[in-house]
Amino acid sequence: MSGLFDDAARRLRSNPGALCAMFIILSMVALTLIGPWFNPNGGEALDWSHVASQPALQSAHWFGTDRLGRDLFARTLQGTRVSLAVGLVASAVSLLVGIGYGGVAGYVGGRTDHVMMRIIEILSGLPLIFFVIFLTVIFGRNEYLLFLSIGAVGWLTMARIVRGQTLSIRQREFIEAAVASGAGTARIIAKHVIPNVIGPVIVYATLTVPQIIMFESFLSFLGLGIQEPRASLGTLIAEGAGEMEAAPWILLVPGGFLAVLLLCLNIFGDGLRDALDVKER
Amino acid sequence: MNAVISVSNPLLRITDLRVDFGSHTALRDVSFDLFAGETLGLVGESGSGKSTLARAILRLVRSSHGSVVWRGRDLLSCDSRELRALRRDLQIVFQDPLASLNPRMTVGEAIAEPLCIFEGALNARERTGRVAAMLERVGLTAHMISRFPHEFSGGQCQRIGIARAMILSPKLLVCDEPVSSLDVSIQGQIVNLLLDLQRDVGTAMIFISHNLAVVRHLSHRILVMYAGRLVEIAPRDALFAAPIHPYSRALLAAVPSPTPVSRTVQASAAPVEASSSQPVTTGCAFRGRCAYAVAVCAITIPPLEEMTPGHWAACHRGRELPASGLGTFRGC
């Protein structure tokens, strides 16, 4: 495994596009974490003398303000932080659950696989919105619950992908060689199956992050996700869309952040796939 | 070839082994013994069940009937924990060397895997030392330890596969056509490597091949398979001198010889249009291709009988067929 990742890291370093994307993602993360200390404005303070004012570096509001006079820079940073957190946590949840579940279903096969896949079908038959409303009603509104419920649904597709990959890996002769060597099921899944399915899975995971960010925006828009005065990129964009003609920057600033973030995640995911793809022949 | 073979107590006794894949029976009524230090050659055409037999012995495919008794324990009936422990002494070398290595594992990790499973007490340094020594032993160099399988040639990959199989000095090594995917020039090296290791370790070997020259070079006894059954079991020299079963005769006659053989012998080899994979429900599976087939061949399945001491064959006419000159005798 260590050999695998050293090798992947070496290949990733020789891919300028992916490195660049990674750098941008990391600087955005850093900005959302340390940015608020350099900005005199809080995200919730209302500045009545600057309502819906344009972006200007010489004023106190670098990215302008929204129609309630809140500083857009502070709100965008906060929104990016929330969106990234939702995306990463939910993807991580779906990655862990999906790999474990799909790996076991695909490798063990037979009746176990049958039952596990039927469970997935039943779960994916439930409308997600109902599921989220249901959780919200039971547990009250809670950001962590939102992370959890999106992740809990996101793993279904991940598990299907991992299972499909595992089924094809399982036929390969090196799995038989491992069985003949005396390796147990847990060892085979951990050492032989997962390293060989991880490439496509990681790529899918990096593409899940943007999907989840979008989904969170959608939930927030419906009033099920992040609520005022808290912000996510999705709620900011929804808000900006209403003022698009009079004050386009309210849409463009969070929209630009989201676009750059999604683009970089996609490029980075692509680079990661290339780096993890060991040539077999 | 001069290894001492104990004939009193078989290392491995296979009785009435049968393997079904769905409605297709790949292997039936297979019984034989293997003694410590012995090399059994297993020959037969594609689809005759050679690889299935190898996998059934190691319980890599499910057998539907019979027993595989390894030093007194039936591998087919023991539970998975016990089976895993027994695998320490039962190793296999595969036909496709590259496919049998995990592309994501370095060569060192692949060879170390049996050590990790069975000798957990070793620390990382001792393990690396053992792996490096094994790499040298199979003719590679220790600095290759952190490379990946795709960086090696087929012959080198097969050396790695052999290193993985032999690092725990198993008591039985099953070689499933280990040289058939390699260049002829490499085949000899790999065969000699296997012989060297066998001499050092005293491993018993089941060597599967459709290359009769290789089998002749390695084996003490030879098993001939046809359509999922053993049709002949004989000491090497007895088989090559006087094959009994018509299929064995055809097989031997098909071997290109350095000295010109009479054309009539070549011509009498079984017609190739009939396939051994066609389902034969009654009688001898080979009768459609057999020049000596008689009425009884279509009715009853010939049992494996001891024709001369130590030489078994499954043919109704095994005793009456002439020992040689198979080209002139056309049967009834």
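A, B, ... follow the sequence lines: proteins, then strands. Residue 1 opens every chain.
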Just by distance, do the side chain of Arg87(B) and the backbone of Val179(A) share a donor-acceptor pair under 3.5 Å?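 Present.
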Residue [X] excluded, over 12 heavy atoms near [atom1] under 6.0 Å:
X	atom1	value
Arg118(A)	CZ	yes
Arg73(B)	CZ	yes
Arg88(B)	CZ	yes

What part of [X] lies closer than 4.5 angstrom to a heavy atom of chain A: side chain, backbone, both or neither?
X	value
Arg55(B)	side chain
Ile92(B)	side chain
Arg164(B)	side chain
Gln91(B)	side chain

Distance check, rounded to the nearest 0.5 Å: Ile167(B) atom CD1 versus Ser181(A) atom OG?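 Those atoms lie 10.5 Å apart.
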Enter the distance from Asn102(B):CG to Ile188(A):CD1 here, rounded to the nearest 0.5 Å.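 That separation rounds to 11.0 Å.
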Shortest non-hydrogen contact from Asp96(B) toward Glu173(A):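 Looking at all heavy atoms of both residues, the closest pair is O-OE1, 3.4 Å.
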Give me the atom names and distance for the closest heavy-atom approach of Pro103(B) to Asn196(A).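 Pro103(B) and Asn196(A) have their closest heavy atoms at CG-OD1, 3.4 Å.
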Test side-chain contact (heavy atoms from CB on, under 4.5 Å) on Arg187(A) and Cys116(B); report intermediate values, then the result. CA-CA 10 Å; Arg187(A) 184 184 174 88; Cys116(B) 297; 3.7 Å; yes
Cationic N near anionic O, under 4.0 Å, Lys191(A) to Glu113(B):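 The answer is no: the pair does not qualify as a salt bridge.
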Is the closest side-chain heavy-atom distance between Met105(B) and Phe174(A) below 4.5 Å?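 Of all side-chain heavy-atom pairs linking Phe174(A) with Met105(B), none is under 4.5 Å.
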